[in-house]
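Chain letters run A, B, ... following the sequence lines, proteins first, then strands; residues in each count from 1.
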2 protein chains.
Amino acid sequence: MTSRTKAGRSTIHDIAADLGVSVSTVSRALTPGGTVSPETRRRVEEAAGRLDYRANRAARSLSTGRMHSIGLIVPDLRDPFFAEVAKGAQMRARSVDHTVYIADTDRSAELEFEAIDMMRRDVDGFLVCAPLGDDEALREHLRGTAAVMIHRELAGLPSVTSDLASGIAQAVQHLHALGHRRIAHVAGPDSSWGARRRRAAFDREVSDGDRVLLGPIADPFEGGVATADALLASGATAVIAYNDLVALGLVTRLRARGVSVPDGMSVVGFDGLDVATLATSLTSVAVPRQVAARSAVDLLLRALDEGGEPASVVLPTQLIVRDSTAPLRR
Amino acid sequence: MTSRTKAGRSTIHDIAADLGVSVSTVSRALTPGGTVSPETRRRVEEAAGRLDYRANRAARSLSTGRMHSIGLIVPDLRDPFFAEVAKGAQMRARSVDHTVYIADTDRSAELEFEAIDMMRRDVDGFLVCAPLGDDEALREHLRGTAAVMIHRELAGLPSVTSDLASGIAQAVQHLHALGHRRIAHVAGPDSSWGARRRRAAFDREVSDGDRVLLGPIADPFEGGVATADALLASGATAVIAYNDLVALGLVTRLRARGVSVPDGMSVVGFDGLDVATLATSLTSVAVPRQVAARSAVDLLLRALDEGGEPASVVLPTQLIVRDSTAPLRR
DNA sequence: CTGTTAGCGCCTTCAG
DNA sequence: CTGAAGGCGCTAACAG
């Protein structure tokens with residue numbers, strides 16, 4: 001039997017033997033705060049490199065209790081919004097030697113809870129993207145585990161959100177500046193935290209007489225398609241959609257009806273997805289995703305290390321003006 | 001000190017104590033092939049449920065050497081193609097009690113290798129989505145670790161690919177049936193395995209005189225936009241794009257030039273992405289993604305368990321006819 | 001500053 | 001069929 005495990009990987013024992021020191025010395029030399037002589041550390045590092053040593057996470061976790069990994073709960077990876085969150089979280093985590101377990105819950109609150117229960121033991125904490133689902137149940141399943149909410153607030157838990165109210169305000173001001181008065185909003189599902197926030201902001205920014213409220217829709221793109229006719233009938237000259245997919249649905253149906261965008265109708269999306277610029281150059285409110293995910297990772301790790309108060313972060317949103325909005329023609 | 005670890009989780013010791021049996025009995029009862037009396041197993045399972053027991057993966061891994069997790073290498077999670085692969089892999093893995101570590105390599109071959117080296121020790125094997133990158137280097141970094149390639153063949157390794165040649169053939173036949181003769185192909189990067197395959201199939205399916213080859217392009221959407229004018233100048237009446245994003249770029253520029261799609265130009269995409277149907281109802285060759293990922297997971301686990309010969313799978317592709325292709329007008 | 005000694009939670013011989 | 005014992009690779013007191 002050789003002194004190496006399968007896959008040709010060596011352990012601290014190999015390094016210790018190679019150098020004629022004890023394994024604990026090696027362990028300390030390899031630990032950031034370890035108290036060893038500079039010379040020893042140098043030799044250990046040299047040997048580690050030479051022997052292609054790589055720490056066994058399982059062993060480390062077992063002994064320290066820290067798994068060096070975090071769980072990411074997302075409703076649907078196919079949605080570019082969440083794909084970017086996943087990308088950001090994963091990259092940031094890797095840069096600080098953590099891995100992320102992604103659980104795609106397929107837009108089911110059931111699976112969401114199940115995934116949390118399943119992974120709880122194998123991660124140090126959670127990043128939760130769960131726009132839907134009941135507050136109480138969610139809090140209950142998260143009890144006893146560190147967690148930070150992304151794009152949703154949940155009392156008592158740290159969160160990273162974006163300034164949706166400002167985003168809506170920017171959109172409304174943009175439309176007002178273009179001369180539009182009667183403005184519609186196609187609302188997202190009431191069960192969504194973000195949809196409620198956008199809608200509330202819209203109610204605040206547009207005065208009663210000018211305000212047209214449509215929706216709520218369920219499926220984004222098809223919901224947009226299905227709402228376009230009501231939009232035309234409403235007399236609004238501009239619309240702010242719940243998100244970019246809804247906006248694309250609206251644009252598709254409007255054009256099919258022979259209504260030009262932006263000349264016949266100004267359309268503002270929300271999220272700032274790349275796909276929204278692909279075939280349709282959509283004016284949209286950009287919502288940070290990778291940055292949000294990175295911040296969430298940092299927040300979580302800080303909470304784990306220092307155990308401070310749950311801090312929350314609100315990231316700015318930014319209106320991106322493209323070709324789907326134009327001055328009101330009279 | 002209580003008998004439970006943090007996060008309120010119990011161990012097999014708790015179950016053993018609760019039942020007055022030994023930990024090894026509990027361990028066996030909880031192991032599929034374990035040899036215990038049916039009665040004992042029943043009691044153990046009851047207690048496990050009652051005490052909310054959940055096995056500690058780190059401990060299990062340390063003792064068995066199996067990590068119960070697999071690494072997924074993808075170039076970019078933002079690309080809906082890979083997001084779906086990730087989703088499929090993750091869901092299938094979870095259903096067989098495995099987790100997947102996703103490494104987004106940000107389209108860098110460097111990061112690809114780095115990620116493999118980094119994770120090698122913490123996973124049982126890899127699922128590799130690496131269309132780019134050198135064969136030899138990739139094989140070298142994968143040496144000694146189980147791996148299955150997705151959407152790329154690499155001699156000596158099992159793979160899950162799709163029948164790109166058939167997809168191209170279907171597209172060409174469709175266009176021929178519509179009366180088109182002069183057909184163009186906008187090729188993807190030569191460094192991409194899939195791009196080379198599509199192009200070779202195109203060369204085979206379209207006779208020399210009728211064939212127009214454009215590209216290769218680098219950035220998909222912008223590449224499509226940039227190639228549209230050459231397409232028009234080529235005299236082709238139909239085009240098969242490297243992928244859907246390229247097709248969308250083409251359509252965007254064509255329309256800007258005042259050329260109607262499909263009346264002035266028939267456009268076929270490749271991949272069958274949802275985004276392609278959003279604003280543009282694009283005819284496209286659907287390439288399986290979630291299914292491919294699921295198969296890859298199965299292949300990997302089977303190889304790990306049985307260590308058989310590296311089997312490979314080729315999944316079918318299917319032309320989806322929508323509104324971007326029409327009969328040739330003469 | 002370094003070596004020795006105990007585990008972390010689980011699986012796996014080996015006896016009984 | 002079940003219990004006792006040892007070890008997976010690493011970290012964390014505790015002595016020296």
**Q** Could you tell me how far apart H68(A) (NE2) and dG9(D) (C1') are, to the nearest whole angstrom?
**A**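 Whole-Å distance recorded here is 15 Å.
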
**Q** Can you tell me if S159(A) uses its side chain to pair, donor with acceptor, with the backbone of V148(A) under 3.5 Å?
**A**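 It does not hold such a pair.
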
**Q** Going by side chain to side chain donor-acceptor pair (under 3.5 Å), name the residues that satisfy it together with D122(A), two or more places apart in sequence or in a different chain.
**A** none

**Q** Say you pick atom P in dG6(D) and the same atom in dT5(C); how far apart are they, in whole Å?
**A**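 Per the computed distance, 15 Å lies between those P atoms.
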
**Q** Consider the side chain of S22(A), meaning its heavy atoms from C-beta on, and name the nucleotide among dC1(D), dG3(C), dG9(C) that approaches it most closely.
**A** dG3(C)

**Q** Hey, where does DNA chain D pair up into stems, meaning at least three consecutive Watson-Crick or G-U pairs with distances under 3.5 Å?
**A** C:1-4 with D:13-16, C:6-16 with D:1-11

**Q** Look at the side chain of R92(B) and the backbone N and O of D298(B), then say whether any donor-acceptor pair between them is shorter than 3.5 Å.
**A** no

**Q** With sequence neighbours left out, write down each residue that passes salt bridge (Lys or Arg N to Asp or Glu O under 4.0 Å) with E110(A), or none if nothing qualifies.
**A** none

**Q** Please tell me if S37(B) has a side-chain N or O lying less than 4.0 Å from either OP1 or OP2 of dC1(D).
**A** no

**Q** Check this for me: does any side-chain nitrogen of one of R143(A) and E140(A) sit under 4.0 Å from a carboxylate oxygen of the other?
**A** yes

**Q** Quick one: which protein N/O atoms are closer than 3.5 Å to N/O atoms of nucleotides 10-13 of chain C? Pair and distance per line, please.
**A**
{"residue": "dC10(C)", "atom": "OP1", "partner": "Y53(B)", "partner atom": "OH", "Å": "2.7"}
{"residue": "dC10(C)", "atom": "OP1", "partner": "N56(B)", "partner atom": "N", "Å": "3.3"}
{"residue": "dC10(C)", "atom": "OP2", "partner": "I12(B)", "partner atom": "N", "Å": "2.8"}
{"residue": "dC11(C)", "atom": "OP2", "partner": "S27(B)", "partner atom": "OG", "Å": "2.9"}
{"residue": "dC11(C)", "atom": "O4'", "partner": "S63(B)", "partner atom": "OG", "Å": "2.7"}

**Q** D274(A): which residues meet the salt bridge (Lys or Arg N to Asp or Glu O under 4.0 Å) condition with it, sequence neighbours left out?
**A** none

**Q** Please answer whether the main-chain N or O of M67(A) pairs with a side-chain N or O of D124(A) as donor and acceptor at a distance below 3.5 Å.
**A** yes

**Q** Could you tell me whether a side-chain N or O of T64(A) sits under 3.5 Å from a main-chain N or O of R60(A), the two making a donor and an acceptor?
**A** yes

**Q** Quick one, H68(B) with D97(B), criterion side chain to side chain contact (heavy atoms under 4.5 Å, CB included). Give me CA distance, side-chain angles, the key distance, then yes/no.
**A** CA-CA 7 Å; H68(B) 278 254; D97(B) 191 33; 4.0 Å; yes

**Q** Calculate the interatomic distance between L62(B) atom CG and dG7(D) atom P; express it in whole Å.
**A** 14 Å

**Q** For R54(A), is there an ion pair with D117(B) - N to carboxylate O distance below 4.0 angstrom?
**A** no

**Q** Taking only heavy atoms on the protein side, list every residue of residues 39-48 of chain B lying under 4.0 Å from any atom of DNA chain D, sorted numerically.
**A**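 The stretch gives T40(B) as the residues lying under 4.0 Å from the strand, ordered by number.
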
**Q** Run the side chain to side chain contact (heavy atoms under 4.5 Å, CB included) test on M149(B) and L138(B) for me, step by step, so that the C-alpha distance in whole Å, both residues' side-chain angles and the decisive distance to 0.1 Å come before the verdict.
**A** CA-CA 11 Å; M149(B) 306 294 299; L138(B) 196 52; 3.8 Å; yes

**Q** Between I15(B) (CD1) and dG3(D) (P), how many Å, whole number?
**A** 14 Å

